[in-house]
Amino acid sequence: SHDYHFGLEDHEGISELFDCD
Amino acid sequence: PPQTPVRAAMNSIAQLRVDLTASGDQPSANLAVYFKNCTVDPTKEVLQRVESLSQLFFQRFGQAVGPRCVGLGKQRFTLGIRLYYRVMESMLKSEEKRLSVQNFSKLLNDSTFHTSLLACALEVVMATYGGSSTTGVYSNGVSPETDLSFPWILDVFQLAAFDFYKVIESFIKAEPNLTKDIVKHLERCEYQIMESIAWRGDSPLFELLRQTHEDGPVEQAEPTAT
């Protein structure tokens with residue numbers, strides 16, 4: 001119900017953001 | 001009948017409390033399994049970090065709002081912890097599905113990840129309670145003059161805004177119960193970080209940019225059109 005603009009690609013997630021991939 | 005700002009704030013507070021009633025103050029059984037699957041089990045550190053961050057939060061909340069309101073701070077922190085564990089579990093489930101991995105040892109032993117996630121959970125709780133302060137209405141036991149809104153929580157945990165920024169999108173993705181107002185609030189936090197806070201002198205963003213610059217350009221610049 002919100003219009004947040006998701007920007008992460010499908011191959012990106014919290015693991016990549018914290019260099020844990 | 002149309003909701004007054006106070007009524008809307010009270011409803012979202014009530015909704016948050018009901019919503020988190022089922023969530024425990026300790027890691028769930030599913031989370032315990034993820035912790036056990038780690039090469040290095042982070043359980044002890046997670047519980048110790050929660051304890052030490054809680055002391056920091058209580059002290060600063062008491063200083064900001066007044067010693068008589070420490071109980072209020074404990075209530076808020078408890079809601080924050082429940083949301084923290086719930087979102088962490090949801091994040092790990094989606095990462096497990098996306099990466100086909102069960103061992104999240106590096107992520108779950110990363111103190112910055114945990115501190116950022118807890119800070120984001122607490123920011124959701126504070127924004128839910130503090131909503132009235134933005135409308136200047138005294139309805140949550142805290143006088144409007146006490147500004148506990150973002151980036152107060154970053155200062156309490158001595159957390160870099162850029163690290164807080166990293167969890168926001170995954171947090172929103174992992175927690176479908178967030179209200180529209182809270183999602184909008186987190187989006188405003190993102191803008192605030194990207195437009196100013198992340199560019200302060202001590203931000204880890206500069207180190208990241210320096211590393212990226214040293215690694216050299218990854219993509220060649222597009223040739224100019226003739």
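Just the heavy atoms: all of them, side chains too, but no hydrogens, waters or symmetry mates, feed the values below. In what follows, every chain begins at residue 1, and chains take the letters A, B, ... in the order their sequences are listed.
Here the CG atom belonging to Leu17(A) is positioned 11.0 Å from the CD1 atom belonging to Ile168(B), to the nearest 0.5 angstrom. Interatomic distance, CG of Leu117(B) versus CD1 of Ile14(A), reported as 7.5 Å (0.5 Å rounding). Atom CG of Leu92(B) sits about 8.0 Å away from atom OG of Ser15(A), to the nearest 0.5 Å. Lys180(B) contributes atom NZ, which lies 16.0 Å from atom OH of Tyr4(A) (distance to the nearest 0.5 angstrom).
For Lys173(B), the parts sitting under 4.5 Å from any heavy atom of chain A are the backbone and the side chain alike. For Glu95(B), the part lying under 4.5 angstrom from a heavy atom of chain A is the side chain only. Proximity to chain A (any heavy atom under 4.5 Å) is shown, for Thr112(B), by both the backbone and the side chain.
Lys184(B) places a side-chain heavy atom less than 4.5 Å from the side chain of Asp3(A). In this structure, the side chains of Phe18(A) and Val167(B) come closer than 4.5 Å at one or more pairs of heavy atoms.
Scored by the ring-ring contact (aromatic ring centres under 6.0 Å, His included) test, Phe77(B) finds Phe57(B), Phe58(B) as partners (sequence neighbours excluded).
Taking a cutoff of 4.0 Å between a charged side-chain nitrogen and a carboxylate oxygen, Arg98(B) and Glu12(A) do not qualify as a salt bridge.
Scanning all heavy atoms of the two residues, the minimum distance from Glu16(A) to Leu99(B) falls at OE2-CD2, 3.9 Å.
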